[in-house]
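To start, the structure under review is shown below, and the notes come after it.
Naming convention: chains lettered A, B, ... in sequence-line order (proteins, then strands); numbering from 1 in each chain.
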There are 8 protein chains.
Amino acid sequence: MRVKIILGSKSDKKIGAKAANVLKDLKIDYHMTVSSAHRTPERTKGLCTGADVYIAVAGLSAALPGVIASHTTKPVIGVPVSGKLNMDSILSILQMPPGIPVATVGLDRGDNAALLAAEILAMQDEDLSQRLKEYRDNWEEKVRKDAAKIENEFGVER
Amino acid sequence: MRVKIILGSKSDKKIGAKAANVLKDLKIDYHMTVSSAHRTPERTKGLCTGADVYIAVAGLSAALPGVIASHTTKPVIGVPVSGKLNMDSILSILQMPPGIPVATVGLDRGDNAALLAAEILAMQDEDLSQRLKEYRDNWEEKVRKDAAKIENEFGVER
Amino acid sequence: MRVKIILGSKSDKKIGAKAANVLKDLKIDYHMTVSSAHRTPERTKGLCTGADVYIAVAGLSAALPGVIASHTTKPVIGVPVSGKLNMDSILSILQMPPGIPVATVGLDRGDNAALLAAEILAMQDEDLSQRLKEYRDNWEEKVRKDAAKIENEFGVER
Amino acid sequence: MRVKIILGSKSDKKIGAKAANVLKDLKIDYHMTVSSAHRTPERTKGLCTGADVYIAVAGLSAALPGVIASHTTKPVIGVPVSGKLNMDSILSILQMPPGIPVATVGLDRGDNAALLAAEILAMQDEDLSQRLKEYRDNWEEKVRKDAAKIENEFGVER
Amino acid sequence: MRVKIILGSKSDKKIGAKAANVLKDLKIDYHMTVSSAHRTPERTKGLCTGADVYIAVAGLSAALPGVIASHTTKPVIGVPVSGKLNMDSILSILQMPPGIPVATVGLDRGDNAALLAAEILAMQDEDLSQRLKEYRDNWEEKVRKDAAKIENEFGVER
Amino acid sequence: MRVKIILGSKSDKKIGAKAANVLKDLKIDYHMTVSSAHRTPERTKGLCTGADVYIAVAGLSAALPGVIASHTTKPVIGVPVSGKLNMDSILSILQMPPGIPVATVGLDRGDNAALLAAEILAMQDEDLSQRLKEYRDNWEEKVRKDAAKIENEFGVER
Amino acid sequence: MRVKIILGSKSDKKIGAKAANVLKDLKIDYHMTVSSAHRTPERTKGLCTGADVYIAVAGLSAALPGVIASHTTKPVIGVPVSGKLNMDSILSILQMPPGIPVATVGLDRGDNAALLAAEILAMQDEDLSQRLKEYRDNWEEKVRKDAAKIENEFGVER
Amino acid sequence: MRVKIILGSKSDKKIGAKAANVLKDLKIDYHMTVSSAHRTPERTKGLCTGADVYIAVAGLSAALPGVIASHTTKPVIGVPVSGKLNMDSILSILQMPPGIPVATVGLDRGDNAALLAAEILAMQDEDLSQRLKEYRDNWEEKVRKDAAKIENEFGVER
């Protein structure tokens with residue numbers, strides 16, 4: 001399997017689904033499951049094998065991405081989940097000590113976590129690289145369409 | 001042993017020493033060592049046994065207290081260490097998910113971590129309870145002396 | 001009585017109830033009442049006796065946990081309550097001066113306050129210690145069930 | 001006595017001295033002492049009588065101004081003291097619950113606390129009111145002198 | 001007139017009404033109006049006379065309390081109004097330069113602003129002083145009633 | 001064309017419309033479109049010509065205003081858009097390095113961005129200058145009407 | 001005179017000098033002086049005439065830029081000055097109410113305030129426009145030289 | 001070349017050197033240079049080719065990592081550099097919009113950026129994978145040595 005998505009809690013499902021959908025669109029194998037750094041430390045450790053890239057999604061004192069990174073030298077991508085404070089999950093994931101990096105993406109950005117995983121995997125996979133470029137071209141196309149709508153609505157005023 | 005102090009890094013020594021000194025003053029057995037939640041996860045897990053109370057001292061994305069709490073149901077006290085952001089260690093230690101509490105004390109407050117450990121241990125130890133009360137009386141006495149100095153210096157002005 | 005829960009205001013009832021429910025589940029005697037550090041200082045002082053552990057729940061400039069800690073050398077657990085700012089209650093409870101510790105738990109985490117109280121009381125009570133371990137095993141079980149559901153929904157994609 | 005300045009700790013002396021100096025300049029009776037909301041709650045309560053206005057200076061989880069306000073209906077002015085976080089003392093003093101106001105001034109602004117006390121006392125004291133206006137005129141004069149220096153140094157450039 | 005309440009914008013009406021209601025309860029003369037520090041600077045200046053105490057209510061870059069304080073040596077109480085950031089109005093009102101104090105109360109605390117004004121005015125008015133004490137006794141009574149309700153609902157559990 | 005409004009995303013339309021409406025009221029030519037600094041960098045660069053003033057509206061890591069400023073020496077006004085964090089868009093737009101200024105206005109303040117653009121354009125256009133003054137007079141008039149309503153509702157209380 | 005630089009306090013001189021130096025380099029007439037929004041409101045009002053662009057430099061509760069903007073419809077550029085909190089001056093200047101814009105630049109960025117003023121003035125002045133472009137080219141040249149130094153020191157490693 | 005390190009400014013050299021040193025230790029080809037997103041946008045765009053992984057180091061409104069990510073679909077790692085605010089560079093790099101991910105590491109963590117790059121490159125390089133594991137083992141060994149020193153100094157106290 002290429003990517004393992006691990007949610008710190010079932011309540012992070014919506015953010016995890018954003019990642020899963022992007023991976024599916026890009027035809028990348030993935031597996032998504034739940035394991036808590038704090039409630040099921042042994043289970044979490046057991047999951048840290050068999051994938052090329054790990055995506056860990058967690059809120060609050062979000063130790064999960066760092067704990068996974070402590071058990072593997074494969075790339076680990078951390079997705080902070082929003083809540084009452086927001087800065088708790090961001091800083092818990094981002095501020096790793098020297099030696100154990102976590103690639104942190106923006107708050108609730110499961111989609112970008114999947115794209116980052118795709119960029120990493122595309123280094124060995126020319127087809128994926130091509131799909132990634134098309135994916136980005138689609139974004140560009142979408143911006144142009146949005147621009148046309150806005151220009152149509154607000155026009156050139158004089 | 002009653003209290004095990006675990007530092008996330010040797011650089012947390014000064015904060016750990018504040019805890020050690022208070023425990024020594026209160027004649028409480030302790031052991032102080034270093035183990036990183038991220039760099040030495042197995043060592044950290046192995047240390048989570050044999051004590052009545054754990055004090056974990058850590059900065060940055062301070063996962064250590066929570067990781068220890070995930071391996072024991074003994075009380076775990078977390079001490080956030082100051083750095084460039086400060087809120088990173090505070091929120092990483094404080095914002096634990098339901099089910100796995102960490103008793104967080106103030107930034108760099110190794111001394112209060114030790115006093116909290118002493119309060120917990122004093123429930124089974126009348127002598128320690130007495131020493132704790134004397135310790136607090138000394139603080140009260142110190143405040144009175146400080147007051148006398150300030151009153152002497154600034155006097156009653158009219 | 002083992003645990004006294006003191007709410008700074010009736011509006012903190014929901015957070016206090018989280019603590020009460022966990023204590024009830026763990027068969028720990030408790031008493032829950034209301035007293036304000038600022039509006040009823042004498043009443044607050046009068047309540048600071050007769051329990052083994054105190055849980056103080058408060059929002060805004062949350063002085064209640066610290067004021068209780070100033071009147072007892074028993075362990076005091078502080079629960080910051082969320083509001084418009086959040087950091088007000090967190091920092092007011094956490095940043096106690098040297099000499100008077102408060103064991104702070106996460107924002108609105110009445111449940112973790114009760115579990116921390118249980119961990120403290122379990123030091124003298126083998127049965128409670130057993131119930132605590134079962135409580136945690138239940139959490140672990142719940143994570144496994146959540147994982148099964150997520151895996152079922154998102155499957156292994158290839 | 002008109003004004004009682006209470007420092008939460010001897011380490012707040014420098015900020016307290018700013019207040020004392022302004023009161024001295026304005027010929028207002030004052031008394032300055034030390035008492036901790038947490039370490040000497042009884043002493044603090046005992047001090048909450050005999051003055052027309054209270055100035056409380058405190059850092060960290062700065063409960064002192066609020067505790068004084070809980071024991072008197074005279075105006076209480078709170079001065080947050082800077083430290084590693086700054087927002088801890090500001091929010092602890094500012095965010096009082098309904099019913100118990102504290103007049104908060106800026107971080108380390110002992111001088112403004114004294115001026116606010118003077119403004120309050122000047123309501124019953126025409127002479128003091130006059131001295132206050134002169135004090136402010138001096139500030140205005142100082143600004144003009146500073147302007148002259150800056151204009152002299154940087155001139156009108158063309 | 002004893003107290004002039006000035007709102008920075010009509011949208012601050014709800015917070016101003018909290019102040020007005022407390023003043024009414026305490027039988028203190030007041031006048032409430034609207035004036036913006038930025039949109040109507042001349043009008044604002046013109047309002048800075050004829051009262052014993054000023055209450056200024058403002059959000060965002062809340063310059064109004066400070067601007068009023070720049071035009072009078074009477075006590076000025078500032079009430080920060082909540083919005084998308086909250087810290088903008090708090091810090092804009094609180095962090096006044098030396099020489100021009102503003103007595104800041106908590107976010108949206110129009111009620112406490114009025115009580116602070118009452119405490120100031122009570123220095124010359126024994127009757128008001130008595131009403132203030134009764135007001136506070138009512139708070140104390142309310143806490144006792146709330147406690148009874150909570151104790152009734154959650155009882156003593158064993 | 002005098003003003004080009006560029007939205008970082010179609011979702012910023014509401015904030016852009018605030019700017020467009022003010023420009024329309026002031027009879028200033030404008031054009032509004034969408035282009036993303038990150039998704040359509042070439043399109044963005046291509047838009048950086050042909051206007052006297054640029055208004056860039058963006059949220060999150062709001063690079064758009066700075067990127068536009070890097071391609072032109074015309075004045076660029078940045079409008080941070082609110083979201084889950086708010087400080088992300090504010091600081092991303094505000095904290096430009098020396099050499100490349102962006103004129104930042106308040107969170108979601110599309111209206112003020114347009115007024116700032118108008119103030120800049122009015123330097124060469126006496127008529128616009130006059131319209132701007134009338135626009136401000138209208139604000140003043142509105143404050144007076146609001147004041148009348150509030151005074152009517154809350155009256156002078158005695 | 002083209003640009004008037006007003007410092008809220010003599011202590012802001014260093015930041016004001018950054019602006020003055022850039023204006024001098026670009027051969028733009030300027031005048032620099034000191035006036036406090038709070039201590040010398042009348043003087044501040046009196047200064048709000050006779051310039052094409054205003055640069056206001058202020059720290060703490062930085063009301064100066066907004067107060068100047070309330071007295072003129074010329075463009076006002078605000079420079080927040082760093083201190084113990086930093087966010088106080090940033091938010092006080094940035095978060096202006098609708099109707100009265102202030103063009104805020106980054107913390108301590110007197111240089112960018114001057115460049116923004118230059119960009120505004122260059123609309124009517126082709127020579128200045130040319131000097132501005134050269135100024136920016138110099139920055140570009142500097143980056144290339146810095147790159148050469150870094151490449152020389154760290155080289156291409158293989 | 002495998003890794004291209006781009007500094008936003010020569011002043012970020014110290015953080016860039018942390019990355020360079022780790023890459024050198026791990027025998028990974030790299031090139032380090034300087035280019036500003038804002039001052040040299042064309043140069044920056046020109047640099048976005050020819051490497052497998054990009055490390056972008058930037059402070060303040062740190063647009064550089066995002067701008068590089070907008071020009072390539074190779075993995076881009078962003079390193080926020082500390083300054084007066086810290087949160088400006090963190091949030092500017094982290095909060096990228098959907099579609100353009102940046103792998104953000106902790107404040108000033110050039111070393112972790114290099115390790116993350118190494119983890120990514122090790123997917124195609126078994127030797128590098130081995131060196132990475134040894135590198136991590138060395139960290140583990142260092143923790144054990146630090147533990148021995150601390151234990152020696154503070155011993156087991158009883």
Side-chain angles (χ1 to χ4, degrees), chain A residues 2 18 22 52-54 66 69-80 87 90-91 93-125 128-140 142-143, chain H residues 2 18 22 52-54 66 69-70 72-80 86-87 90-91 93-125 128-140 142-143:
Chain A
R2 309 310 309 268
K18 285 197 210 179
V22 170
D52 290 323
V53 178
Y54 294 84
S70 77
H71 291 304
T72 179
T73 52
K74 297 287 182 188
V76 177
I77 300 169
V79 187
M87 291 313 299
I90 289 178
L91 296 178
I93 295 178
L94 187 75
Q95 286 290 84
M96 292 294 290
I100 314 285
V102 167
T104 312
V105 295
L107 195 68
D108 294 336
R109 284 265 73 86
D111 40 13
N112 275 2
L115 283 169
L116 183 57
E119 289 179 354
I120 291 170
L121 294 168
M123 292 176 68
Q124 311 165 297
D125 182 340
L128 174 55
S129 182
Q130 201 49 46
R131 290 197 297 277
L132 252 182
K133 277 171 195 147
E134 283 159 18
Y135 192 92
R136 191 171 284 196
D137 289 347
N138 290 346
W139 265 116
E140 207 171 319
K142 187 185 169 302
V143 170
Chain H
R2 309 309 309 270
K18 285 197 210 180
V22 170
D52 291 322
V53 178
Y54 294 84
S70 78
T72 180
T73 53
K74 297 288 183 186
V76 177
I77 300 169
V79 188
N86 293 327
M87 290 315 297
I90 288 178
L91 295 177
I93 295 178
L94 187 74
Q95 286 289 83
M96 292 294 289
I100 314 284
V102 167
T104 313
V105 295
L107 194 69
D108 293 335
R109 285 266 73 85
D111 39 13
N112 274 2
L115 283 168
L116 183 58
E119 289 179 356
I120 291 170
L121 294 169
M123 291 176 68
Q124 312 166 296
D125 182 340
L128 174 55
S129 181
Q130 201 49 46
R131 289 198 297 278
L132 252 183
K133 279 174 194 144
E134 283 161 18
Y135 192 91
R136 189 170 286 194
D137 289 347
N138 289 347
W139 264 116
E140 207 172 318
K142 186 185 169 302
V143 171

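In terms of non-hydrogen atom pairs under 4.5 Å with chain A, the most contact-rich of H/Met123, H/Met96, H/Lys74 is H/Met123. The candidate with the highest count of non-hydrogen atom pairs below 4.5 Å against chain A, out of H/Leu107, H/Leu132, H/Leu121, is H/Leu107. In terms of non-hydrogen atom pairs under 4.5 Å with chain A, the most contact-rich of H/Val22, H/Val102, H/Thr73 is H/Thr73. Among H/Gly106, H/Pro75, H/Pro98, the residue with the largest count of heavy-atom pairs under 4.5 Å with chain A is H/Pro98. Heavy-atom pairs under 4.5 Å with chain A were tallied for H/Leu115, H/Ile90, H/Val76, H/Ile77; the largest tally goes to H/Leu115. The most heavy-atom pairs under 4.5 Å with chain H, out of A/Gly110, A/Ala114, A/Pro97, A/Gly78, come from A/Pro97. Between chain A and the residues H/Asp111, H/Asp52, H/Ile120, the most heavy-atom pairs under 4.5 angstrom are made by H/Ile120.
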- Walk me through it: do A/Arg109 and H/Gln95 pass the test side-chain contact (heavy atoms from CB on, under 4.5 Å)? CA-CA 9 Å; A/Arg109 284 265 73 86; H/Gln95 286 289 83; 5.5 Å; no
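Of the two parts of H/Ile100, the backbone and the side chain both hold a non-hydrogen atom closer than 4.5 Å to a non-hydrogen atom of chain A. Neither the backbone nor the side chain of H/Ala118 comes within contact range of chain A; no heavy atoms are under 4.5 Å apart.
Residues A/Pro80 and A/Thr104 share a closest heavy-atom pair of CD-CG2, 4.1 Å. Of all heavy-atom pairs between A/Ala103 and H/Ala103, the closest is CB-CB, 3.6 Å. In terms of heavy atoms, H/Ala69 sits closest to H/Pro101 at CB-O, 3.8 Å.
For the salt bridge (charged side-chain N to carboxylate O under 4.0 Å, His left out) test with H/Glu119, the passing option among H/Arg136, H/Lys133, H/Arg131 is H/Arg136; the others fail.
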